[in-house]
Novice: 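Could you have a look at this structure, given as structure tokens, before my questions?
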Number of protein chains: 2
Amino acid sequence: MKIATWNVNSIRTRAEQVTNWLQANPVDVLCLQETKVVDRDFPRSPFEDLGYHLYISGQKSYNGVALFSQTPMSDVAIGFSSLLGDAVAEFDLQKRAIAATLEDVRIVNLYVPNGSAVGSDKYEYKLQWLQVLHDYLKATGDRTDKICICGDFNIAPDDRDVYRDTKDTDIMASPAEREALQTQILDLGFIDIFRKFHEDGGHYSWWDYRRGGFANNRGWRIDHHYLTPALRDRARHCAIDIAPRRLERPSDHTPVVLEL
Amino acid sequence: MKIATWNVNSIRTRAEQVTNWLQANPVDVLCLQETKVVDRDFPRSPFEDLGYHLYISGQKSYNGVALFSQTPMSDVAIGFSSLLGDAVAEFDLQKRAIAATLEDVRIVNLYVPNGSAVGSDKYEYKLQWLQVLHDYLKATGDRTDKICICGDFNIAPDDRDVYRDTKDTDIMASPAEREALQTQILDLGFIDIFRKFHEDGGHYSWWDYRRGGFANNRGWRIDHHYLTPALRDRARHCAIDIAPRRLERPSDHTPVVLEL
DNA sequence: GCTCTCCCAG
DNA sequence: CTGGGAGAGC
């Protein structure tokens, strides 16, 4: 089972690149982030014409997640409150989470808040959101032991995942963000499965549009797949496909593909 | 000598379409309107790389005219005050006129105001602008009898030039606009040279982007070449090239080409 | 509809 | 740098 994650930075702008990529790289499930469109305006037909079933949760301008699957998925759940109830409804105002099941695998597609700047209101929101995510993953784990989380985590797990040494004030690399990744996700037993196959640095999934980030390979690995131990040994391969980042008018992220 | 006119509706957005068109349709002079860019930001190199010399007069967001010539032109004059003095400086705030000489032909490239709605302030400005144009063309005629005016006139000379019957309240077809075309331009002896070659209706150079104007061929012929009698017999051909209007993300206007 | 500017976000 | 939005202009 191939599961890919791609922050497309607007599905309307990127629809053609995504269909081209899917034709060259058929996957069982494609997890998209930053679709930036309300469900009613989502460009469904290019993907449905390729045979994919679409499960989407979007909003105007910002955020938005989607699951494309070659076979129908079951138990589609949008947001955190689907599992945790209205207590967390406030964290579903931004469309950042969608989950569904394919065969025996629960797939959770996430767009973790960026956080803007260390210490900002958005940074505090990111850390709170990760606390809610923890509860959500725990509740998911009560139902199944075969979970694949993937998406744009907006956190580089360690400095191998960044093109340069980081400072404590670097958003996506600050101690509190990395601690949250550890506490809220890894401590539940989830494994950053890319690292099963690649121990070295220099593998990136995002390059800033600004100041020639891609031309100078100033990248970050912030798009990940996390597996529960019950799935770990089923992982055959996990790789970043840099090709879409080389296209004209690309997303700033490129796809990461896991093969189970 | 081939002289083409094309309202490109932003040269930055249309640069690639214009270079492609020039490679397939080499002309001696290309007259552009609605370049929508200040001179400093004009994309010169795609056209200079094709061997054209550029003469431009642009502003931010609106209007803007340019002349591209395969051989250098002489006596480049920007605006009306170059000929009429500071008395008309107010009509040069909007960049709508540029003229230059190739061989023995004075080429005047114009972007006539649209006028918005009959009776509006912009409509009055359009009629005043055409009065100033009259003085400008008269002064030009004092210097040479071989003049080619071309550009976007935002006036359909008669109802053959519109896809439907017009009303007196139709902008671009109102009696006062057509009267101004007659008084300020035709009465000086200028000849709408397209009509030397095509007497029938149904020839259009502009289709509104809205309501499928092009798909339904709801067009207007508002882009013209006018010649002085001394040039009339040298005109070999004048035709509208509809092909660029069929491209993806086209200008709402398509080029008109005169061969002298 | 499709430009443009300016603004916000990443 | 590249998204989307709003409002103006045609």
Side-chain angles (χ1 to χ4, degrees), chain A residues 7-15 17 33-38 41 58-64 94 96 111-117 120-123 125-126 152-155 170-172 206-216 218 220 222-223 245 247-253, chain B residues 7-15 17 33-38 41 58-64 94-96 111-118 120-123 125-126 152-155 170-172 206-216 218 220 222-223 245 247-253:
Chain A
N7 178 322
V8 289
N9 190 14
S10 168
I11 189 59
R12 283 179 292 187
T13 300
R14 224 67 66 197
Q17 290 185 24
Q33 305 86 38
E34 284 206 88
T35 53
K36 292 187 174 178
V37 66
V38 292
D41 294 338
Q59 66 183 89
K60 190 164 73 164
S61 299
Y62 306 111
N63 313 311
Q94 298 181 13
R96 296 180 175 276
Y111 175 48
V112 176
N114 170 279
S116 191
S120 67
D121 287 354
K122 292 195 171 89
Y123 182 77
Y125 179 81
K126 180 179 193 171
D152 174 1
F153 287 79
N154 272 316
I155 301 173
D170 281 324
I171 193 66
M172 303 192 294
W206 173 80
W207 298 259
D208 200 315
Y209 283 128
R210 289 164 283 194
R211 286 177 296 275
F214 185 67
N216 297 294
R218 294 198 274 255
W220 296 59
I222 57 178
D223 301 275
R245 184 63 240 240
L247 299 172
E248 295 250 305
R249 293 184 89 66
S251 169
D252 43 354
H253 297 251
Chain B
N7 178 321
V8 289
N9 189 15
S10 167
I11 189 61
R12 284 179 292 188
T13 299
R14 226 67 64 197
Q17 290 184 24
Q33 305 87 36
E34 284 205 270
T35 53
K36 293 188 173 176
V37 66
V38 292
D41 295 337
Q59 66 183 89
K60 191 164 75 166
S61 300
Y62 305 114
N63 313 312
Q94 299 181 13
K95 305 307 182 191
R96 296 180 174 276
Y111 174 49
V112 176
N114 170 280
S116 190
V118 173
S120 67
D121 287 354
K122 293 197 172 82
Y123 183 78
Y125 178 81
K126 180 179 192 171
D152 174 2
F153 287 79
N154 271 317
I155 301 173
D170 281 324
I171 192 67
M172 303 193 294
W206 173 80
W207 297 260
D208 199 314
Y209 282 129
R210 289 164 283 191
R211 286 178 296 272
F214 185 67
N216 298 294
R218 294 199 274 255
W220 296 59
I222 57 178
D223 301 275
R245 185 60 239 239
L247 299 173
E248 295 249 307
R249 293 182 85 67
S251 168
D252 43 353
H253 297 251

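Everything numeric here is computed off the predicted structure, so don't read it as measured data. Below, chains carry the letters A, B, ... as their sequence lines are ordered, and counting in each starts from 1.
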Novice: Report the distance from atom CD of A:Q33 to atom P of D:dG4, rounded to the nearest whole Å.
Specialist: 16 Å
Novice: In whole angstrom, give the distance that lies between atom CG of B:N63 and atom P of C:dC4.
Specialist: 14 Å
Novice: Would you mind telling me which of C:dC2, D:dG5, C:dG10 lies closest to the side-chain atoms of A:E34?
Specialist: C:dG10
Novice: From C-beta outward on B:S116, which listed nucleotide comes closest to its side chain: D:dC10, D:dG5, C:dT5?
Specialist: D:dC10
Novice: Looking at B:K60, does any N or O in its side chain come under 4.0 Å of the phosphate oxygens OP1/OP2 on D:dA8?
Specialist: no
Novice: With side chains defined as the heavy atoms from C-beta onward, is the minimum distance between B:D252 and B:R245 less than 4.5 Å?
Specialist: yes
Novice: Indicate whether any N or O donor in one side chain lies under 3.5 Å from an N or O acceptor in the other, for B:Q94 and B:Y62.
Specialist: no
Novice: Indicate whether the side chain of B:N114 and that of B:K126 have a donor and an acceptor atom separated by less than 3.5 Å.
Specialist: no
Novice: Over 60° means perpendicular and under 30° means parallel, so tell me whether A:W207 and A:F214 are parallel, tilted or perpendicular.
Specialist: perpendicular
Novice: Round to a whole Å and report the spacing from CG of A:L247 to P of D:dG3.
Specialist: 13 Å
Novice: Please state whether the phosphate of D:dG4, meaning OP1 or OP2, lies under 4.0 angstrom from any side-chain nitrogen or oxygen of A:R14.
Specialist: no
Novice: Calculate the interatomic distance between A:R211 atom CZ and C:dG10 atom P; express it in whole Å.
Specialist: 16 Å
Novice: Please determine if a side-chain N or O atom of B:K36 lies less than 4.0 Å away from the OP1 or OP2 oxygen of C:dT5.
Specialist: no
Novice: Please state how far atom CG in B:D121 lies from atom C1' in D:dG9, giving the value in whole angstrom units.
Specialist: 15 Å
Novice: Can you see if the side chain of B:R210 gets near the phosphate of D:dC10 - specifically, an N or O under 4.0 Å from OP1 or OP2?
Specialist: no
Novice: Indicate whether OP1 or OP2 belonging to C:dG1 is found under 4.0 Å from a side-chain N or O atom of B:R249.
Specialist: no
Novice: Could you state the atom-to-atom distance from CH2 of B:W206 to P of C:dC2 in whole Å?
Specialist: 13 Å
Novice: What is the distance from CD of B:Q59 to P of C:dT5, rounded to the nearest Å?
Specialist: 11 Å
Novice: Could you tell me how far apart B:E248 (CD) and C:dC2 (P) are, to the nearest whole angstrom?
Specialist: 10 Å
Novice: Atom OG of A:S251 and atom OH of A:Y209: how far apart are they, to the nearest 0.5 Å?
Specialist: 5.0 Å
Novice: Within less than 4.0 Å of OP1 or OP2 of D:dG4, is there a side-chain N or O belonging to A:T13?
Specialist: yes
Novice: Between B:S10 and C:dT3, is there a contact of a side-chain N or O with OP1 or OP2 at under 4.0 Å?
Specialist: no
Novice: Given that A:D208 and B:D252 both sit by DNA chain D, which one's nearest nucleotide is further toward the 5' end?
Specialist: A:D208
